[in-house]
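The analysis underlying the following values was restricted to heavy atoms, covering all of them including side chains, and did not include hydrogens, waters or symmetry mates. Keep in mind the model is a prediction, meaning the values are calculated, not measured. Atoms within each ligand, like the ligands themselves, are counted from 1 in listed order.
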Amino acid sequence: MSENRSEIKQLGEFGLIDRIRQNFSLANSSSLTGIGDDAAVIDIGGECLLVTTDMLLEGIHFDLAFTPLHHLGYKAVAANVSDIAAMNGKAEQITVSIALSNRFSIEAVDALYAGIKAACDNYKVDLIGGDTTASASGLVISITALGRAKKEAIAYRTGAQPNDIICVTGDLGAALAGLQVLEREKEVFLANPLMQPDLEKYEYVVGRQLKPEARTDIVFDLADAGVKPTAMIDVSDGLASELFHIATSSNVGIRIYEDKVPIDNSTYETAVEFKLDPITCALNGGEDYELLFTITKSDQEKIKNHPDIHFIGYAHERKSENVLITKQGTIVPLTAQGWDHFK
Ligand code: ADP
Ligand code: MG
């Protein structure tokens, strides 16, 4: 063995992906976009094929102590559909691969696939294949989604221009707030199994953690309004991290306003209860699966009355100057502390 051993956490997840990417180039002219966006883009003649894949591991991405298997199945599909939506495309097929330890019964697999089926029905995608294998420990689920979009409609992370308006859908930070509640209830339950959690007050945030939805509706709404985002990404790792991806890929700087970042009241209240700053939940919480995109100023008028699209800031030409203007008017640098599994 070589003397040199470098820890992966020195690079982090994105550094590691970049390192892998540097050693590969695209040889086929049909490979329009490879590593580096929410989905790969393949020219198949006519429309483009979009491909994305995501792997979820028990103990890393989900905790079965508080995640019902059917919710997990649903969420795994939604996360992939979301990546296709983030390209401004429509998901049409998925493949699902699972690895199971002997802890899992047939009924458990049925429950997982009931969730997968519910998502397939909801998003109108077809399960077309996959792989099944044993696992030494725990459950692994890996889904690949295939989608399509017209070549000229595809929204990459690279297209934001100075003065473009930064938009985000829905509200942010709820999934992280929900996770806090579930983790606390798990501890309470472990200490006293007779305690029944009262989650009613936290219904919204817990729902956002356990059963997120991909914003396929927004892709339709934007097309209806005649708006093509100049850049787009889905919020899976936290707003700050996704803003950095757009800023870096597009070679722009970004400026967002704290008071414009949409945070639901129940997220706000839960965050405060857990002594977390709500804006930090929105910036750094993962798994909201909202869409973050930029539009030209001239398109702003077309979607200004959309109830679920919020204008949170704008792009500018001073790249790497990525800042948040606080409610008090202070300018603070944004830090991209998204979810990084190697930290
Ligand atoms: P997302 O959060 O949108 O799912 P990721 O951060 O997981 O995106 O991945 C970013 C890009 O890196 C994608 O294009 C993805 O396909 C690619 N990627 C991630 N891991 C690997 C890997 N191990 N080998 C090659 N490409 C990878
Ligand atoms: Mg994504």
Side-chain angles (χ1 to χ4, degrees), residues 8-9 11-28 30-42 48-57 60-62 75-91 94-97 123 140-147 149 154-160 166-170 172 175-176 212-216 218-219 229 231-250 283-294 336-343:
I8 290 174
K9 69 175 180 210
L11 284 177
E13 182 177 336
F14 301 132
L16 184 62
I17 294 171
D18 250 353
R19 188 183 166 94
I20 294 168
R21 168 159 66 168
Q22 276 161 26
N23 286 315
F24 289 85
S25 55
L26 302 173
N28 293 293
S30 54
S31 307
L32 297 186
T33 301
I35 301 171
D37 218 303
D38 293 286
V41 180
I42 299 163
C48 287
L49 176 67
L50 305 169
V51 184
T52 182
T53 196
D54 251 312
M55 182 157 57
L56 302 176
L57 273 80
I60 303 285
H61 301 95
F62 58 89
K75 181 170 175 173
V77 176
N80 278 275
V81 170
S82 176
D83 273 324
I84 299 289
M87 303 302 290
N88 210 23
K90 183 186 178 310
I94 53 164
T95 64
V96 177
S97 300
Y123 297 118
V140 180
I141 170 164
S142 174
I143 297 190
T144 297
L146 309 173
I154 298 174
Y156 294 94
R157 294 178 181 178
T158 49
I166 300 170
C167 313
V168 75
T169 61
L172 300 172
L176 177 62
E213 295 286 3
R215 298 306 308 256
T216 50
I218 297 293
V219 174
M232 187 148 64
I233 188 168
D234 67 330
V235 184
S236 55
D237 296 325
L239 176 64
S241 172
E242 316 304 358
L243 284 167
F244 267 84
H245 281 312
I246 286 191
T248 313
S249 303
S250 297
L283 288 171
N284 300 335
E287 305 189 299
D288 288 315
Y289 299 109
E290 297 292 350
L291 290 174
L292 172 70
F293 55 96
T294 52
Q337 298 168 338
W339 284 114
D340 185 339
H341 298 294
F342 295 106
K343 269 201 297 224

- Message: Nearest N/O/S atom of D83 with respect to the Mg ion (ligand 2), by atom name, please.
- Response: OD1
- Task: If you have a sec, work out which protein heavy atom is nearest atom 23 (N) of ligand 1 and how many Å separate them, to one decimal?
- Result: I20 CD1, 3.8 Å
- Message: Out of D83, I35, N80, D237, who is nearest to atom 4 (O) of ligand 1 when you count heavy atoms only?
- Response: D83
- Query: Please state which protein non-hydrogen atom is closest to atom 7 (O) of ligand 1 and give its distance, to 0.1 Å?
  - Reply: E13 OE2, 4.4 Å
- Query: Does N88 reach the side chain of I154, with side-chain heavy atoms less than 4.5 Å apart?
  - Reply: no
- Ligand-side contact atoms (ligand 1) for residue partner D38, heavy atom cut-off under 4.0 Å: 3 (O)
- Task: Please determine if the Mg ion (ligand 2) has an N/O/S atom from D237 lying under 2.8 Å away.
- Result: no
- Show which atoms of ligand 1 fall inside a sub-4.0 Å distance from at least one heavy-atom site of F14. 6 (O)
- Message: Below the 3.5 angstrom mark, is there an N/O of T52, backbone or side chain, next to an N/O of ligand 1?
- Response: no
- Is there a side-chain contact between Y156 and I246 (heavy atoms, below 4.5 Å)? no
- Item | Polar contact flag for I17 and ligand 1 (N/O pairs, less than 3.5 Å) | no
- Item | Name of the D38 atom (N/O/S only) found closest to the Mg ion (ligand 2) | OD1
- Task: Kindly compute the distance separating CZ (R215) from CZ (F293), expressed to the nearest 0.5 Å.
- Result: 9.5 Å
- Query: Hey, does T216 have a side-chain heavy atom less than 4.5 Å from the side chain of V81?
  - Reply: yes
- Of all N, O or S atoms in D234, the one closest to the Mg ion (ligand 2) is OD1
- Message: Is the shortest side-chain heavy-atom distance between E287 and L176 below 4.5 Å?
- Response: no
- Message: Is the shortest side-chain heavy-atom distance between L172 and E290 below 4.5 Å?
- Response: yes
- Query: Among protein heavy atoms, which sits nearest to atom 13 (C) of ligand 1, and what does the distance come to when rounded to 0.1 Å?
  - Reply: D37 O, 3.2 Å
- Query: Within a distance of under 4.0 Å, is there any protein heavy atom near atom 16 (O) of ligand 1?
  - Reply: no
- Just how far is it from atom NE2 of H245 to atom OG of S250, taken to the nearest 0.5 Å? 12.0 Å
- Dump the intermediate steps for side-chain contact (heavy atoms from CB on, under 4.5 Å) on L56 and V140, then the final yes or no. CA-CA 6 Å; L56 302 176; V140 180; over 6 Å; no
- Among all protein heavy atoms, pick the one closest to atom 14 (O) of ligand 1 and tell me residue, atom and distance. G36 N, 2.8 Å
- Message: If you take the nearest heavy atom of each of R157, E242, H245, which one is closest to atom 8 (O) of ligand 1?
- Response: R157
- With distance as the sole criterion, is a donor-acceptor pair present between the side chains of S142 and S97 under 3.5 Å? no
- Message: Just checking: E242, one of its N/O/S atoms, less than 2.8 Å away from the Mg ion (ligand 2), yes or no?
- Response: no
- D37 side-chain N/O to M87 backbone N/O, donor-acceptor pair under 3.5 Å: no
- Hey, which atoms in ligand 1 end up nearer than 4.0 Å to a heavy atom of S236? 2 (O)
- Does the salt bridge (Lys or Arg N to Asp or Glu O under 4.0 Å) test come out yes or no for R157 and E242, once each step is laid out? CA-CA 9 Å; R157 294 178 181 178; E242 316 304 358; 5.4 Å; no
